[in-house]
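Structure record follows, encoded as structure tokens.
Source: prediction; values computed, not measured. So you know, we letter chains A, B, ... as the sequences are listed, proteins then strands, and number each from 1.
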Amino acid sequence: MKLATFNINGIKARIEALPAWLAAASPDVVCLQEIKSVDQAFPREIFETMGYRVETHGQKSFNGVAILSKLPLEDVTRGLPGDEADEQARWIEATVMAHRPIRVCGLYLPNGNPAPGPKYDYKLGWMARMEARARALLALEEPTVFCGDYNVIPQDADAARPELWTTDALALPASRAAFRQLMALGLTDAFRARNPAPGHYSFWDYQAGAWERNNGIRIDHLLLSPQAADLLTEAQIDKQVRAGDKPSDHVPVWVNLDI
DNA sequence: ATGTCCTTACCTTAAGGA
């Protein structure tokens, strides 16, 4: 099963690039972030025609996540537990009915800039809530994948120019500590596990010629439960998508699971 | 670290977010 994560930075703006990548890459399941659309406005027919089931958790203008799947989905839930007052659409879960069921969580972790400040407080609070949710899911000891835009550069090796990010919410020590704490629950960073060398990125800013200079960062991750990690055969970044027509500032990251 | 992009709205232009 090929499972991908892709921050598309707006479904309306990516209405051509996303189907083009789906047709070329043929993932079985894709978690999308930043759909920037309410559920009713999401162009689901385009993807249904391509053989995908479509589950969205959107909001107006900002954020919004979705799962596209060629396999049946069960028990779809929306929203990250732990704060009834949080109205930002950043979390969706579904059980993908592969040969063996696999729980997939699609997430768009808050950016947190500027830090310090209320946005950074929200980021750290959100990460604590995610850790609680991950802990509960991991206790089930089933194949589970947490994939999405984490807005965290885990290590200096995940940035072309780490010195540019030292005061940024994506790389501050507290952000990295919260990410490490999540990993310490027993998760495997799929891409890093299969590609230990530095120099692989999933995001290049639109500004200042970041793509042309390969000034990238790796912030889109698929974290695997032990039972999912046992199934991992391959993990890749579709870097060339960033050079395509009207690209997102992120590119797809995907894994193959032997399931 | 800002040479851009996306979305919305008091919509031929600015703002907020990233």
Side-chain angles (χ1 to χ4, degrees), chain A residues 5-21 31-44 46 56-66 80 86-91 106-127 130 147-154 156 158-176 178-179 201-221 238-253:
Chain A
T5 178
F6 190 6
N7 180 323
I8 56 173
N9 189 17
I11 185 60
K12 294 181 190 74
R14 231 55 65 201
I15 201 62
E16 293 184 7
L18 176 58
W21 172 72
C31 292
L32 301 175
Q33 301 87 41
E34 286 205 270
I35 64 173
K36 297 186 177 179
S37 166
V38 294
D39 297 333
Q40 310 88 278
F42 191 88
R44 51 189 310 127
I46 292 174
T56 60
H57 179 40
Q59 72 178 93
K60 195 180 179 71
S61 304
F62 309 119
N63 307 322
V65 289
L80 178 64
D86 184 3
E87 296 187 341
Q88 298 195 33
R90 296 177 174 276
W91 184 274
L107 64 110
Y108 176 46
L109 205 148
N111 177 296
N113 282 303
K119 290 188 175 181
Y120 193 58
D121 294 341
Y122 175 67
K123 177 177 194 156
L124 294 180
W126 200 96
M127 292 183 83
M130 178 177 169
C147 61
D149 176 358
Y150 282 71
N151 269 312
V152 174
I153 303 167
D156 279 357
D158 299 307
R161 300 185 59 192
E163 71 278 8
L164 299 179
W165 299 92
T166 54
T167 63
D168 192 285
L170 277 60
L172 281 175
S175 306
R176 288 182 167 176
F179 186 83
Y201 314 120
S202 65
F203 169 92
W204 295 260
D205 202 306
Y206 288 122
Q207 298 186 67
W211 168 247
E212 288 74 13
R213 294 164 190 248
N214 194 28
N215 179 14
I217 53 177
R218 193 174 70 93
I219 57 176
D220 299 274
H221 309 299
D238 280 349
K239 179 179 181 178
Q240 76 286 353
V241 171
R242 187 64 175 78
D245 290 336
K246 219 164 178 290
S248 170
D249 40 7
H250 297 250
V251 298
V253 184

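- A/Glu163 CD: more than 12 foreign heavy atoms inside a 6.0 Å radius.
- In this structure, A/Leu170 places its CG atom 17 Å from P of B/dA1, rounding to the nearest Å.
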Protein-nucleotides 10-13 of chain B N/O pairs closer than 3.5 Å?
none

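- In terms of the side-chain hydrogen bond (donor to acceptor under 3.5 Å, both in side chains) criterion, residue partners of A/Lys36 (sequence neighbours excluded) are, by chain and number, A/Asn9.
- Straight-line distance between the C1' atoms of B/dG17 and B/dT2: roughly 15 Å, to the nearest whole Å.
- The residue A/Trp165 sits close to a base: some heavy atom pair falls under 4.0 Å.
- Phosphate contact (OP1/OP2 of B/dC6, side-chain N/O of A/Arg14, threshold under 4.0 Å): present.
- Remark: the backbone N or O of A/Ile219 is paired with a side-chain donor or acceptor of A/Ser202 at under 3.5 angstrom.
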side-chain contact (heavy atoms from CB on, under 4.5 Å) for A/Tyr108 and A/Asn151? Distances and angles first, verdict last. CA-CA 8 Å; A/Tyr108 176 46; A/Asn151 269 312; 3.8 Å; yes
Could you list, one pair per line, each protein nitrogen or oxygen that sits under 3.5 Å from a nitrogen or oxygen of nucleotides 14-18 of chain B, together with the distance?
unit_1, atom_1, unit_2, atom_2, d
B/dG17, OP2, A/Lys119, NZ, 3.2
B/dG17, O5', A/Lys119, NZ, 3.4

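- For the pair A/Ile35 CD1 and B/dT7 C1', the computed distance is 14 Å after rounding to whole Å.
- Residue contacts for A/Asn7: at a heavy-atom cut-off of 4.0 Å it reaches no nucleic acid atom on any strand shown.
- In terms of the side-chain hydrogen bond (donor to acceptor under 3.5 Å, both in side chains) criterion, A/Gln240 has no residue partners (sequence neighbours excluded).
- For A/Tyr201, the side chain to side chain contact (heavy atoms under 4.5 Å, CB included) partners are A/Ala160, A/Trp204, A/Asn214, not counting sequence neighbours.
- Spacing between atom CZ of A/Arg242 and atom P of B/dT4 amounts to 13 Å, rounded to whole angstrom units.
- Defined by atom type and a distance below 3.5 Å, a donor-acceptor pair is missing between the side-chain atoms of A/Gln33 and A/Asp149.
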For DNA chain B, what dot-bracket results from Watson-Crick or G-U pairs at under 3.5 Å, with [ ] for crossers and | for inter-strand partners? ...((((((...))))))
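- Under the 30°/60° scheme for interplanar angles, the aromatic rings of A/Phe179 and A/His221 are found to be tilted.
- For the side chain to side chain contact (heavy atoms under 4.5 Å, CB included) criterion with A/Trp21, the lone passing option out of A/Pro252, A/Pro247, A/Ser248 is A/Pro252.
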